[in-house]
Amino acid sequence: MKSLCLIVFGVAALAATVSAQQQKYTDKFDNINVDQVLSNDRILNNYLKCLLEKGPCTQEGRELKKTLPDALRTNCEKCSEKQRTNSRKVISHLESKKPAEWKKLLDKYDPEGIYKSKFEKLNKRT
């Protein structure tokens with residue numbers, strides 16, 4: 001009976017660990033230099049084409065495209081602090097430097113303006 005309890009406890013602990021790990025997006029691309037991407041129109045445009053389904057995607061672009069709808073819907077709940085910081089930086093850059101592309105992204109991923117509104121409120125608090 002004691003060993004059964006240990007096994008159940010072990011499985012529960014493992015499940016909790018897996019569940020906790022699934023609560024965050026992958027960090028395998030967190031070392032990408034976002035400033036470098038934003039300052040290079042060719043690279044940035046390739047990411048934008050990927051997100052807008054107008055061109056091929058890199059592995060990073062595919063992951064971003066897969067994660068973006070959930071991140072928008074949940075106000076980036078599963079984002080690390082670095083991911084939140086980088087997303088704010090990217091949004092700010094697109095709004096000011098590439099407003100036409102920013103509008104296309106909003107039209108595709110947030111046609112009703114729900115997430116943009118939530119993001120702006122959240123950004124005012126930080």
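Numbers here simply count residues along the sequence, with the first being 1.
No side-chain donor-acceptor contact under 3.5 Å links Asp27 to the backbone of Asp30. Counting only distance, with no hydrogens or angles, the side chain of Tyr109 and the backbone of Leu51 share a donor-acceptor pair below 3.5 Å. With hydrogens and angles disregarded, a donor-acceptor distance shorter than 3.5 Å links the side chain of Ser87 to the backbone of Arg84. One N or O on the side chain of Asn40 and one on the backbone of Arg42 form a donor-acceptor pair closer than 3.5 Å. Between the Tyr47 side chain and the Thr58 main chain, no donor and acceptor come within less than 3.5 Å of each other. Between the Ser92 side chain and the Arg88 main chain, no donor and acceptor come within less than 3.5 Å of each other. No donor-acceptor pair under 3.5 Å is formed between the side chain of Asp35 and the backbone N or O of Ser39. Judged purely by atom type and a 3.5 angstrom limit, Asn45 uses its side chain to pair as donor or acceptor with the backbone of Asp41.
The two residues Arg73 and Asp70 come nearest to each other via the heavy atoms NH2-OD1, 2.7 Å. Minimum interatomic distance between Lys89 and Val34 (heavy atoms only, all atoms of both residues): CD-CG1, 4.1 Å. The two residues Leu44 and Val37 come nearest to each other via the heavy atoms CB-O, 3.6 Å. The two residues Glu53 and Lys108 come nearest to each other via the heavy atoms OE2-NZ, 3.3 Å.
Between atom SG of residue Cys50 and atom CD of residue Glu60 there is a gap of 10.0 Å, rounded to the nearest 0.5 Å. One finds the CD atom of Gln83 at 8.5 Å from the OH atom of Tyr25 (value rounded to the nearest 0.5 Å). Atom NZ in Lys78 sits 10.5 Å away from atom NZ in Lys24 (nearest 0.5 Å). Distance check, rounded to the nearest 0.5 Å: CD of Glu101 to CD of Glu95 gives 13.0 Å. Interatomic distance, CD of Glu81 versus CG of Asn86, reported as 10.0 Å (0.5 Å rounding). A distance of 7.0 Å separates CG of Leu38 from CG of Leu94, quoted to the nearest 0.5 Å.
No more than 12 heavy-atom neighbours from other residues, nucleotides or ligands sit within 6.0 angstrom of NZ on Lys49. The local environment of CD in Glu112 is sparse, with at most 12 non-hydrogen atoms from other residues, nucleotides or ligands closer than 6.0 Å. Around atom NZ of Lys103, no more than 12 heavy atoms belonging to other residues, nucleotides or ligands sit under 6.0 Å away.
Lys28 has its side chain within reach of Gln59: a pair of non-hydrogen atoms, C-beta onward, lies under 4.5 Å apart.
Partner Trp102 forms a side chain to side chain contact (heavy atoms under 4.5 Å, CB included) with one of Ile91, Asp107, Val90, Leu48 and no other, that one being Ile91.
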